[in-house]
Amino acid sequence: MAVGDENIMHLLLAYSAAHRARMLNHPEPSNRIAVWVQDVFPKLRQSLIENPNHISDNTLAAVIMMASLEIISSGTFEVPISWQSHLTMARQMIVARGGPRGMGRQDRVAYFLSRWFAYLDVLGSLSGNKNDMPLGSAYWSSQNAVADEDFEIDCLMGFTTRCVGSLARISELAKMCEPQRIDDAGNVRAGWIPSPAVVQQAVLIRRELEEGLLERNIRKGCNHRSFASTESEGAWDATEIYATNEMFHWAGLIHLYRRVLGKPANDIEVQNAVREIVGLLCKIRRGSTAEACLMFPMFAAGCDTEDQGQREKIMERLTSVEGFGMTHTPKIAVLLQSVWDTGKPWESLVSGEFFG
């Protein structure tokens, strides 16, 4: 796509230059990046004006790339636009194209973009009360998936299609509950419980997530591993993708227990989910691509553990991920430390971080 589209090529170059500078601990080549991206916004705007009813894959890809770049390397663009704003634009574009239902596997490019967007959309919406709702849990619902895809782990996201819908529904319920659950001072209201209608929905989501943890239901859908890989590398790949899927399910349960059902951090089910996530970390190689994707479950577990050993393990792995050259990782570590130091819920301390 980049070879055939100047906007995407320039964004890809900017993305790569920013990331390489972080990896080498060098200052970003800001002048060069500015030259690459100076025409991106005007060209996108012109494309939308000329074809408001036809949003191409290339246009959508460029906007999703801008959201991703702003997350992992904020401030790269001279124009200060938040990742949430880019994501809102991408969301509007997908709705204009008929929603994710029209971005199925038969169109490989559109399907790839839909999974990339789903990851940003759903995890972004779970990353704080000021972020937009996800596109709509109905869009990501397993009811819209082909039956044999329902429990297939998507290698781009690291979890199943069904889990995407569950996480989107948790986000919707959490945003509904948050004004009642957390007071103006940023503390959880003592004795708060959700309405019976919310509990009823939460029970169904919990059942879905628990079913997703049963290995007999899950299959690894990734065929992208190199044929040159050794058998041991293949075994690691399988171990890591199954472990990653489980960790996202357990993290979803933590969000459901804490933000929707109002369980305290020391609740036995919350602590069981925390232990499971910390235990699964040993199945993820240090420096692996899987490790770079585990901030969401690590942060969820980290916020609710009071065990010093667990805290040290989580912070150690977060520090390891900082070596991947993504600027949002240190912010998450700082936020986690603030949660431990203040005892306040992370929802009252968050300020635009992305937990993914």
Side-chain angles (χ1 to χ4, degrees), residues 84 87 91 99-100 118-119 121-145 150 159-214 246-274 276-277 296-297 299-305 339 343-350 355-356:
Q84 293 95 328
L87 208 52
R91 195 178 293 117
Y119 183 87
D121 187 44
V122 174
L123 292 195
S125 69
L126 283 164
S127 296
N129 59 347
K130 293 182 175 65
N131 300 339
D132 287 345
M133 287 276 201
L135 190 52
S137 57
Y139 280 120
W140 307 124
S141 168
S142 60
Q143 294 169 6
N144 298 317
D150 204 10
F159 43 91
T160 59
T161 301
R162 192 179 218 216
C163 188
V164 179
S166 300
L167 292 175
R169 288 162 66 200
I170 291 168
S171 176
E172 290 173 348
L173 290 178
K175 282 184 169 56
M176 192 188 305
C177 294
E178 199 151 303
Q180 291 85 40
R181 189 173 73 90
I182 296 181
D183 63 24
D184 293 338
N187 298 306
V188 176
R189 287 190 172 94
W192 177 83
I193 56 171
S195 69
V198 167
V199 172
Q200 190 176 13
Q201 292 182 64
V203 168
L204 294 175
I205 299 170
R206 174 181 174 166
R207 192 176 303 151
E208 278 186 8
L209 288 170
E210 288 174 343
E211 285 175 6
L213 286 164
L214 298 175
E246 285 184 51
M247 289 169 81
F248 273 91
H249 279 73
W250 285 115
L253 284 168
I254 290 174
H255 278 257
L256 188 69
Y257 294 148
R258 298 283 280 126
R259 302 178 67 190
V260 179
L261 292 172
K263 291 177 180 284
N266 61 4
D267 179 88
I268 189 170
E269 290 183 304
V270 174
Q271 288 306 309
N272 179 57
V274 169
E276 291 287 347
I277 290 172
F296 178 73
F299 183 77
C303 285
D304 286 327
T305 179
V339 170
K344 283 184 172 289
W346 65 263
E347 298 96 316
S348 65
L349 300 171
V350 71
F355 305 154

If I compare all heavy atoms of V270 with all of A265, which pair ends up nearest, and what's the gap?
CG1-O, 3.5 Å
Residues passing the side chain to side chain contact (heavy atoms under 4.5 Å, CB included) test with P264, sequence neighbours excluded, are N266, D267
Short question: side chain of E246, backbone of L213 - any donor-acceptor pair under 3.5 Å?
no
Contacts table for residues 200-207: side-chain donor-acceptor under 3.5 angstrom, sequence neighbours left out:
from, atom 1, to, atom 2, distance (Å)
R206, NE, E210, OE2, 3.0
R206, NH1, E269, OE2, 3.4
R206, NH2, E269, OE2, 2.3

Minimum heavy-atom distance between C177 and V198, given as atom pair plus value
SG-CG1, 3.9 Å
Working to the nearest 0.5 Å, report the span between OG of S166 and CD of E211.
9.5 Å
Taking the side chain from K175 and the backbone from S125, do they hold a donor-acceptor pair closer than 3.5 Å?
yes
Give, for atom OG of S348 and atom CG of D184, the distance between the pair rounded to the nearest 0.5 Å.
11.5 Å
side-chain hydrogen bond (donor to acceptor under 3.5 Å, both in side chains) against T305, all qualifying residues, sequence neighbours excluded:
Q310
Rounded to the nearest 0.5 Å, how far does CD of Q271 lie from CG of D304?
7.0 Å
Between L253 and the options I277, L209, L261, N272, the side-chain contact (heavy atoms from CB on, under 4.5 Å) test singles out L209
Mind listing the closest non-hydrogen atom pair of G252 and I170 along with its distance?
O-CD1, 3.3 Å
Just by modelled atom types, is the E178 backbone N or O under 3.5 Å from a matching donor or acceptor in the R259 side chain?
no
Under the 3.5 angstrom rule, does the side chain of R181 hit a backbone N or O of W192 as a donor-acceptor pair?
no
Roughly how far apart are M247 CE and E276 CD, rounded to 0.5 Å?
10.5 Å
Flag side-chain contact, heavy atom, 4.5 Å: H255 against L167:
no
Give me the atom names and distance for the closest heavy-atom approach of H249 to T160.
CE1-OG1, 3.8 Å
F159: partners by ring-ring contact (aromatic ring centres under 6.0 Å, His included), with sequence neighbours left out
F248
Contacts of N187 meeting side-chain hydrogen bond (donor to acceptor under 3.5 Å, both in side chains) (sequence neighbours excluded), chain-then-number -> K344
Search all heavy atoms of P345 against all heavy atoms of V188 and return the closest pair with its distance.
CG-CG2, 4.1 Å
Residue set satisfying ring-ring contact (aromatic ring centres under 6.0 Å, His included) with F355, at least two apart, ordered chain then number -> F299, W346
Close side-chain approach of I182 and R189, heavy atoms under 4.5 Å
no
